[in-house]
Structure formats: structure tokens, C-alpha cells
Amino acid sequence: MAASPTAPVSQVYTWEPSNPVLAARYGLRPEDILRFDLNTSPLPSPDLATMLAGPFDPPLNEYPDSMYPAVVEAAAAYVGVDPSEVLVGAGADEVLDVIAKTFLPAGGRAVVPIPTYSMYGVLSTQRDATLDTVLRRGAADGFDIDLGRLVPRLDGAHVVWLCAPNNPTGAPESLEVVTQVLEEAAKLGRRGPVVVVDEAYAEFSPETSIPLIDRYPGLIVVRTVSKAFALAGVRVGYAVAQRPTIERLERLRPPGSISTMSAMVAGAALRDPDQARRNARQLSGERDWLAARLAVMGFPAYPSITNFLLVSFGTVEAAEDVTDALLHAGIVTRTFGPANPLRGHLRFTVRTRDQDERLLDVLGTWQAGRQA
Ligand code: PMP
């Protein structure tokens, strides 16, 4: 999802154009388009023929089992909690939507440290809630949450959106800081917000907030199979929280937003997490290679533990110019609109060596043209 270039980030959104639309716009073939903007895995998804082997249960003429037991049990075993502490949805985005519907009333307030994943703003404004943004510390401080600014905003807020590791900076959201937010929220009792920790990129991180679930009834951790599991098209995500919180979310969860096939594939993938860990290791190596090459070219990326890199191009004009050059070569990157503190930056998803080299080539040509 991308912010419209002409409107405040919290108000108007456009969904990313598809490959055929972009190809038509730039006179290219759809197969020439490379998505460096979506933070998906360029590595092949696990072997679907194996995952879909065996009869569908229930058969496809019937609706899916709306409790998705295969996914719930596999996710619970993977993260080490009881199945009653897991809720499954159609991607992390639907899970975040169910959280917003459950805990963020119209007229309520959601606190969000920015820059971060823009969907939190979309969901909060869709609920007619106020989006209370708190600027993170600068790049030199690892884009850390500024607790001095954030803590006073917790009183009376309904939801806090945290992202660990944080998209789009690629930086970790330190467990220590997350714990401090949870402590401060807990101290407020009924006036305190629910704390959502979006761990979409968990497999790239050495830390997770899941063990904190037992201590904090107001904590909800969100996960997905879209990133390290290389299954973005399957659309499965899940929330992990204490049972009463899951029960509240269940009341507003759509009953059948995941197909029987998606549930089967996601269940099989979650039962084989080593595959995701291997993907994360491989992509982390490729990220370090790409970051080193970018640095040599004079485009240093901020330190990232994820499968994407954030790069400053110095000025808005330069960022727009390079975006245009990349698009003409079929390379789509994540850009940041006028209201975003990261205006003048681009975010690159780490892809395969061949594809990353294509990105570097086009950047090199653009740079040579600017210097000429
Ligand atoms: N959270 C974050 C931080 C993300 O970057 C993304 C994907 N861009 C999502 C959630 C959505 O993931 P899913 O594909 O599971 O809906």
C-alpha cells in the first residue's frame, strides 16, 4: 500500500498498481517489472504440490472450517503458546484490521511512533479514530521509540501500534523499549491502551515479544507467513495474545476469509519453520551484500536486520528523479509522500543476486547521468 503523493499520509491511500498496469505505463512487458517495493521473498515458495497433497478437509464444495484448526495448531506450536492464544486471519493486515475493529472505537485514539508501517494510519482513520503520531528518534539513534514523548500519550489511548522490527526503517524495536511501553500501559489500568507489536519480520530478528504475553494481558503480537515463509499470496497471518483478548478478537473476525487451500498451505509451512529460517538467513546475507554495494556507490543504507533497506537520496528532487529512472527500467521501489518524515528516501526490498544487480546497474547509470 502506498500513500498518495498529494495528500496527507493518514487520509488518502492508493493500492499499489499491478505489474500489467505499471508495464503499460512505462512501455514495458509485465514480466520486465521487478517489485522492490513489497518486502516479499524473491525465493520460491515451499513446494506446494507436497503441501496440498491429500484430500481437502473439508472438500472444496463446502466452506472452510472457520476455526482453521490446522493453522491455529501449527502457529501455536511454532511460537510456543496454547492454541487458545492464537487468532488467524487473511494476512497480518486482516488481523490488524480485526484488532482495530475490536479495540479502537470511533472517536478513540491510536498512538503510533513514526515513521512506521503506513497501514496503522489507514486502519485508525478508517475507524474514525484520531491518529496520534509520535516522532521516533533520528537515524543516528536507530529510529528508536522516543519514550519521553510516547509515554505521556498513553493515558486514555485505545491502541499503540508498534512494529518489531520496524518497517520501513529495518531497525529492531528493542525488547527493552517494548517492555517499557507495556509497563507504562499496564500501570494505567483501564485507562491504558492495548499494545500491538507487529512482528511481520520476526524471522529476521533475534528478539520477539511473544514470551511477554503471559505477563501483559494488553499485549497482542501479530505475525504472518508473507515474508520469511515466502507465502504472501496465500494470505495468512495470526495474532498471539492471552486467551480473553483472543476471545474478544474472535467476535469480530470474519468466519471464512481464508480458503481451505490457504489454510492447508499455511499449516504445512508453519509446521516446517526451518524453511523460513533458512530463507531469512539467505536474504540477510544478500541484504548485507546489497548494503555494502550501495555504500560503495555512495548510497549508504541505514542498518537493517530485515529483508529491506532504507536509503536517503538527500533531497526530494533526487529521490523523485531516481524513482522515475528506476520505474522506466521496470524497477518499482517504495517511495514516501509529502507528509512522511522519510520523504527523500527510498526503500528497497532485498531480492535475488541477479535482480539486485539490475537495481545497482540502473542506480549506477542514473548516478553517472546526474554527474555528467
Ligand atoms: N505488517 C508489516 C509491518 C508489513 O510490512 C506487512 C506487509 N507489507 C504487513 C503487516 C502485512 O502482511 P500480510 O501480507 O500478512 O497482510
Side-chain angles (χ1 to χ4, degrees), residues 1-3 9 13-16 35-42 45 68 71 75 78-79 86-100 110 112-124 136 143 145 159-173 178 195-205 207-209 220-240 253-254 257-259 262-263 265-266 269-270 276 279-280 283 287 304-310 332-336 340 342 347-351:
M1 200 219 46
V9 84
Y13 288 83
T14 53
W15 304 107
E16 279 98 355
R35 304 302 301 227
F36 279 82
D37 59 333
L38 298 174
N39 292 348
T40 44
S41 166
S45 56
Y68 315 122
V71 189
Y78 169 46
V79 301
V86 173
L87 169 125
V88 170
D93 278 349
E94 187 181 72
V95 173
L96 295 168
D97 186 52
V98 172
I99 293 170
V112 64
I114 58 164
T116 194
Y117 183 41
S118 48
M119 200 65 184
Y120 312 136
V122 177
L123 293 173
S124 304
R136 289 170 177 272
F143 296 104
I145 291 172
V159 170
V160 182
W161 302 109
L162 305 182
C163 189
N166 187 38
N167 175 11
T169 61
E173 196 91 285
V178 172
V195 179
V196 181
V197 181
D198 181 348
E199 293 191 352
Y201 302 93
E203 288 76 15
F204 294 93
S205 171
E207 292 187 324
T208 171
S209 293
I220 308 174
V221 179
V222 178
R223 295 278 190 103
T224 180
V225 300
S226 292
K227 308 299 182 183
F229 282 91
L231 288 169
V234 165
R235 308 305 304 129
V236 172
Y238 53 99
V240 186
R253 174 177 70 80
S257 53
I258 298 169
S259 73
S262 289
V265 171
L270 287 163
N279 277 352
L283 290 172
R287 173 200 64 223
S304 165
I305 63 164
T306 61
N307 62 332
F308 52 86
L309 292 167
L310 182 69
V332 192
T333 62
R334 174 70 162 95
T335 57
F336 301 94
N340 196 302
L342 292 177
R347 192 195 65 199
F348 302 131
T349 302
V350 176
R351 297 196 59 94

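Residue numbers count from 1 along this sequence. All ligand and atom numbering here is 1-based and tracks the order in the structure.
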**Q.** Audit row: Y78, F229, ring-ring contact (aromatic ring centres under 6.0 Å, His included) steps and yes/no
**A.** CA-CA 12 Å; Y78 169 46; F229 282 91; 5.6 Å; yes
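Within ligand 1, counting atoms from 1 as listed, the ones closer than 4.0 Å to a heavy atom of C163 are 3 (C). Below 4.0 Å from some heavy atom of S226 lie the following atoms of ligand 1, by number and element: 13 (P), 14 (O), 15 (O).
A cation-pi geometry, defined here as NZ or CZ lying under 6.0 Å from the six-membered ring centre and within 45° of its normal, does not hold between R136 and F143.
With 3.5 Å as the limit, one finds no donor-acceptor pair spanning the side chains of E199 and S205. Side-chain N/O atoms of T349 and N39 include a donor and acceptor closer than 3.5 Å. For the 3.5 Å distance criterion, the side chains of N166 and Y201 fail to qualify, holding no donor opposite an acceptor. A donor and an acceptor atom, one from each side chain of S41 and N279, are nowhere located under 3.5 Å apart.
When only non-hydrogen protein atoms are considered, atom 12 (O) of ligand 1 lies nearest to A92 CB, 3.7 Å. Protein heavy atom in closest approach to atom 9 (C) of ligand 1: Y117 OH, 3.4 Å.
At least one heavy atom of K227 sits closer than 4.0 Å to an atom of ligand 1. Contact analysis puts A200 in contact with ligand 1, with a non-hydrogen atom separation below 4.0 angstrom. By the 4.0 Å heavy-atom criterion, D198 is counted among the residues contacting ligand 1. Under a 4.0 Å heavy-atom criterion, R235 is in contact with ligand 1.
Annotation: the span from R35 atom CZ to E16 atom CD amounts to 6.5 Å, rounded to 0.5 Å.
An N or O contact shorter than 3.5 Å is missing between N39 and ligand 1 by distance.
Contacts between D93 and ligand 1 below 4.0 angstrom, taking non-hydrogen atoms only, involve backbone and side chain alike.
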